[in-house]
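All of these numbers come straight from a predicted model, not from anything done at the bench.
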Amino acid sequence: MQITIARHSTNRLTVNRFGYGTMRLTGTDIWGEPADRPQALEILKTAVSSGVNFLDTADYYGEDVTNRLIAEALHPYPTDLVICTKVGATRRPDKSWVPFNTPENLRTSIDNNLRTLKQEQIQLVHLRLMGHGAVPLDEQLGAMFEMQREGKILHVGLSNVTREDLEAGLKIGEIATVENMYSYAQRTTVVLPYGTNPGGEEVLDLCEQHGIPLIPFFSLVHGLPNAGQKLTELARRRGVTDAQLNIAWLLHRSPWLLPIPGTSSLAHLEENLKAADIELSAEEMAYLG
């Protein structure tokens, strides 16, 4: 299964429809070095050798931890590997997440990502919206598209967006991808201690209409505890885990979904990879609802 990013562009990218999100490779509270650094490096190598060619990262994971791990494990990169990063946020010493979204902030973040990932151009960058505050969306996206014209960025995406944000972004320029929280159990907006996370279900039809891949994040960590009996029952009948069935549901929900389940366990990575082989019938999808 593959998916095309920026299908209307001459620089479109084609990736396998199962990626890996690196956030969980960091320490506690997405801060600092991983507890098991050798395993973190092996996870990245195993993911890519198993056919994963889409990695999701950010320089504020760690901070800079996942970018440095990716470079250490995989550079020089395979020619088909797409590394997607995010800008628009930063971390404070108290581990809080705050906006970092002025044009100057965004340029600083892009330059930092280029340095730590050892790249001359980043193939895909998501502008994560942390509440516009004093910086209007058009100014943020304007800075992103300016860096795209300079060649620092190949494609621009949006993350953590409402339907209104996405509609506004589409009027400003080409949006290659959208990354929102989405899982079987968590489909719509949820308010968490660190902020509001719009749901994937609220923008999925708009993404499909425009041929924009939707990349679900936090599909396991927030989705599974509230998944309900149907997911657990069908997983038991199929002889798979709840996590595997959640991933399979995403893959069957729409051909425009590109799951990126993350883990800090090599065993869980290998388990997640097997979810791509699970075939769900129309009756099973209807049962899950």
Residue that, paired with T57, satisfies side chain to side chain donor-acceptor pair (under 3.5 Å) out of T85, N67, N113, T116: N67
Check for me, please, whether [X] and [Y] land in the same ILVMFWY cluster - side-chain distances under 4.5 Å, paths through other members count.
| X | Y | value |
| --- | --- | --- |
| V156 | L137 | yes |
| F145 | V87 | yes |
| F100 | L129 | no |
| V65 | W31 | no |
| M1 | I247 | yes |

Stepwise salt bridge (Lys or Arg N to Asp or Glu O under 4.0 Å) check, K171 with D138: CA-CA 10 Å; K171 293 176 182 177; D138 60 347; over 6 Å; no
Between the side chains of [X] and [Y], does any donor sit under 3.5 Å from an acceptor?
| X | Y | result |
| --- | --- | --- |
| E208 | S254 | yes |
| N112 | S109 | no |
| E270 | T46 | no |

Determine whether a donor-acceptor pair (N or O, by modelled atom type, separation under 3.5 Å) exists between the side chain of [X] and the backbone of [Y].
| X | Y | result |
| --- | --- | --- |
| K86 | V125 | no |
| R107 | E104 | no |
| T26 | G32 | no |
| E201 | V203 | no |
| Y184 | L288 | yes |
| Q244 | T241 | yes |
| Y61 | L25 | no |
| Q148 | I153 | no |
| Q123 | L81 | yes |
| N16 | N53 | no |

Nearest 0.5 Å please: distance from the CD1 atom of I122 over to the CD1 atom of I110. 4.5 Å
How far does CG of N160 sit from CD of E179, to the nearest 0.5 angstrom?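 One finds 9.5 Å between CG of N160 and CD of E179.
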Sequence-distant partners of R17, salt bridge (charged side-chain N to carboxylate O under 4.0 Å, His left out), two or more places apart: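 Scan of R17 (salt bridge (charged side-chain N to carboxylate O under 4.0 Å, His left out), adjacent residues dropped) gives none.
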Taking only residues two or more places apart in sequence, or in another chain, which ones meet D205 in a salt bridge (charged side-chain N to carboxylate O under 4.0 Å, His left out)? R163
Considering all heavy atoms, the nearest [X]-[Y] contact:
| X | Y | value |
| --- | --- | --- |
| T90 | Y60 | CA-CB, 4.1 Å |
| R91 | D29 | NH2-O, 3.1 Å |
| A176 | L124 | CB-CD1, 4.1 Å |
| E33 | R68 | OE2-NH2, 3.0 Å |
| S183 | N246 | CB-OD1, 3.7 Å |
| I212 | T177 | CG2-CA, 3.5 Å |

Beyond-backbone contact of Y20 with V48, side-chain heavy atoms, under 4.5 angstrom: no
Side chain to side chain contact (heavy atoms under 4.5 Å, CB included) assessment of L13 paired with L154: CA-CA 10 Å; L13 304 170; L154 184 61; 4.1 Å; yes
Tell me whether the guanidinium CZ or amine NZ of R237 lies under 6.0 angstrom from the six-membered ring centre of Y287 and within 45° of its axis.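 Cation-pi check for R237 and Y287: passes.
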Can you check side chain to side chain contact (heavy atoms under 4.5 Å, CB included) on T108 and N105, steps first, answer last? CA-CA 5 Å; T108 296; N105 293 156; 5.6 Å; no
